Amino acid sequence: MLFKDKSAIVTGGTRGIGREIVMMLAEEGANIAFTYLKSASDAQILVKEAQSRGAKCLSYQVDVRDFDKSKELIEKVKLDFGGLDILVNNAGITKDKALMMMSRDEWLEVVDTNLGGVFNLTRNVIVTFLKQKSGLIVNVSSVSGIIGLSRQTNYASSKAGIIGFTRSLAREVAPYNIRVNAVAPGFIETDMVSGLKEEYKNELMKRIPLARFGNAKDVANSVRFLLSDAAGYITGQTIIMDGGMSLAL
Ligand code: NAD
């Protein structure tokens with residue numbers, strides 16, 4: 001078990017990639033605090049599932065856009081688990097639209113959730129990590145933030161911002177034995193992509209050398225690696241898991 005007795009926070013844990021990361025951490029022996037936005041019943045189901053793997057697991061309703069609630073969360077988790085070692089910033093949304101049709105609210109909501117959420121959680125956790133001279137952070141970016149995708153100026157900007165945030169913070173906190181990395185998934189089969197039109201999915205598939213969409217396990221596997229001692233000399237990096245999509249011309 002890679003993370004026995006380590007305590008971890010995962011944002012947006014109830015479904016998709018976040019859920020898979022919670023279950024991966026449970027299987028690796030961590031104590032897990034995950035946040036959810038709305039669905040208390042889904043959160044309860046996941047708590048039970050993680051507990052059935054022998055993990056200590058608690059859920060907390062927190063909107064990652066709320067700085068003060070994020071601060072309260074960190075304090076609560078430290079009390080509930082007696083410490084904190086890992087932060088996985090996973091929560092994120094899309095509001096895809098051509099720029100000429102995009103409202104200011106659609107811009108702000110995506111940037112505030114995806115990038116603002118990373119700031120809110122990390123800003124509040126970093127003091128603890130600096131004091132204890134240890135900590136591990138993985139941020140969920142996207143291949144969209146690297147290659148750019150049409151109709152995703154808001155999303156791609158937020159995800160590119162996460163990469164810059166990751167690199168800058170990694171330099172800043174490396175002397176305190178804190179590693180900060182990111183993962184950049186391509187198209188992963190979750191609720192976030194299930195709404196895409198079939199024709200668009202077929203078009204996308206032609207651009208993926210491995211000729212399949214990824215699954216949440218593909219992402220959780222890279223998060224596991226980045227959090228493990230096997231990645232002990234890796235900081236400020238972004239692992240792309242996109243079936244080779246960003247290579248294709
Ligand atoms: P999803 O929509 O299934 O899950 C997103 C989670 O974030 C949900 O649990 C949701 O409740 C939570 N969330 C949204 N807004 C929130 C807020 N304001 N406060 C707290 N929680 C909030 O999507 P997913 O595919 O599992 O995405 C997880 C992460 O992976 C996101 O950051 C997403 O941008 C990123 N990502 C996904 C893909 C993909 O193809 N699915 C590709 C690249 C990156």
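Index from 1, following the sequence. Since this is a predicted model, take the numbers as computed values, not measurements.
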When rounded to the nearest 0.5 angstrom, what is the spacing between [atom1] in [X] and [atom2] in [Y]?
X	Y	atom1	atom2	answer
K159	I146	NZ	CD1	11.5 Å
K97	S103	NZ	OG	6.0 Å
W107	N154	CH2	CG	7.0 Å
I21	L227	CD1	CG	8.5 Å
N31	L25	CG	CG	10.5 Å
K217	E20	NZ	CD	4.0 Å

(request) Using a cut-off of 6.0 Å, state whether more than 12 heavy atoms not belonging to K201 lie near its atom NZ. (result)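 For K201, atom NZ is crowded (more than 12 foreign heavy atoms under 6.0 Å).
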(request) Look at the aromatic rings of Y200 and F187 and report parallel, tilted or perpendicular, splitting at 30° and 60°. (result)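 The arrangement is perpendicular - the two ring planes meet at more than 60°.
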Taking the side chain as every heavy atom from C-beta outward, state whether [X] and [Y] have any pair of such atoms under 4.5 Å apart.
X	Y	result
F225	I234	yes
V88	L136	no
T153	M102	yes
L37	Q61	no
R53	M23	yes
F34	T14	yes

(message) Per the side chain to side chain donor-acceptor pair (under 3.5 Å) rule, what does the pair list look like for residues 172-194, sequence neighbours excluded?
(response)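 As it turns out, the side chain to side chain donor-acceptor pair (under 3.5 Å) pairs with a partner in residues 172-194, which skip direct neighbours, are R15-D191.
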(message) side-chain hydrogen bond (donor to acceptor under 3.5 Å, both in side chains), that's the test. Do S158 and N114 meet it? Break it down for me.
(response) CA-CA 6 Å; S158 69; N114 297 1; 3.2 Å; yes
List the atom of [X], the atom of [Y], and the distance in Å for their closest heavy-atom pair.
X	Y	answer
I208	G243	CG2-O, 3.7 Å
N120	V64	ND2-O, 2.8 Å
Y36	S59	CE2-OG, 3.8 Å
G92	T113	CA-CG2, 4.4 Å
N124	F67	ND2-O, 3.4 Å
I239	S222	CG2-OG, 4.1 Å

Using atom types as modelled and distance alone, determine if a side-chain donor or acceptor of [X] lies under 3.5 Å from a backbone N or O of [Y].
X	Y	value
N89	L121	no
T235	A170	no
T35	G12	yes
D85	S7	yes
N90	V140	no
Q51	C57	yes
D218	N215	yes
Q132	L84	yes

List, by chain and number, the other hydrophobic cluster members for [X], where Ile, Leu, Val, Met, Phe, Trp and Tyr join if side-chain heavy atoms come within less than 4.5 Å, directly or indirectly.
X	result
M101	M100
V110	I93, Y155, M192
L210	none

Determine whether [X] and [Y] fall in the same hydrophobic cluster, where Ile, Leu, Val, Met, Phe, Trp and Tyr are linked whenever their side-chain heavy atoms lie under 4.5 Å apart.
X	Y	result
L87	I32	no
I137	F165	yes
V125	I86	no
V77	V47	no
V143	L115	no

(request) Carefully, step by step, assess D63 and K69 under the rule side chain to side chain contact (heavy atoms under 4.5 Å, CB included). (result) CA-CA 7 Å; D63 187 328; K69 273 270 165 65; over 6 Å; no
(message) Quick one, Y60 with D80, criterion side-chain hydrogen bond (donor to acceptor under 3.5 Å, both in side chains). Give me CA distance, side-chain angles, the key distance, then yes/no.
(response) CA-CA 11 Å; Y60 304 78; D80 291 345; 2.8 Å; yes
(message) Strictly by salt bridge (charged side-chain N to carboxylate O under 4.0 Å, His left out), give each pair with a member in residues 222-242 just once, sequence neighbours left out.
(response)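 Every salt bridge (charged side-chain N to carboxylate O under 4.0 Å, His left out) pair that includes a residue of residues 222-242, provided the two are not neighbours, is E28-R224.
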(request) Could you tell me whether K95 and E106 make a salt bridge, using a distance below 4.0 angstrom between a side-chain N and a carboxylate O? (result)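 The answer is no: the pair does not qualify as a salt bridge.
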(request) Run the salt-bridge test on E75 and K78 with the 4.0 Å N-O cut-off and return the result as yes or no. (result)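 Here E75 pairs with K78 in a salt bridge, since their nearest N and O are under 4.0 Å apart.
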(request) With sequence neighbours left out, write down each residue that passes side chain to side chain contact (heavy atoms under 4.5 Å, CB included) with S39, or none if nothing qualifies. (result)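 Counting only residues at least two positions away or on another chain, S39 forms a side chain to side chain contact (heavy atoms under 4.5 Å, CB included) with S41, D42.
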(request) Any chance you could lay out the side chain to side chain contact (heavy atoms under 4.5 Å, CB included) test for I17 and I188, step after step, and finish with the verdict? (result) CA-CA 8 Å; I17 292 169; I188 306 297; 4.1 Å; yes
(message) Let's go through L196 and L204 carefully: what are the C-alpha distance in whole Å and the side-chain angles of both, what is the deciding distance for side chain to side chain contact (heavy atoms under 4.5 Å, CB included) to 0.1 Å, and is it a yes or a no?
(response) CA-CA 10 Å; L196 297 176; L204 285 171; 4.2 Å; yes
(request) Evaluate the side chain to side chain contact (heavy atoms under 4.5 Å, CB included) criterion for residues V22 and E27: first the C-alpha distance (whole Å), next the side-chain angles of each, then the deciding distance (0.1 Å), finally the verdict. (result) CA-CA 9 Å; V22 169; E27 276 152 22; over 6 Å; no
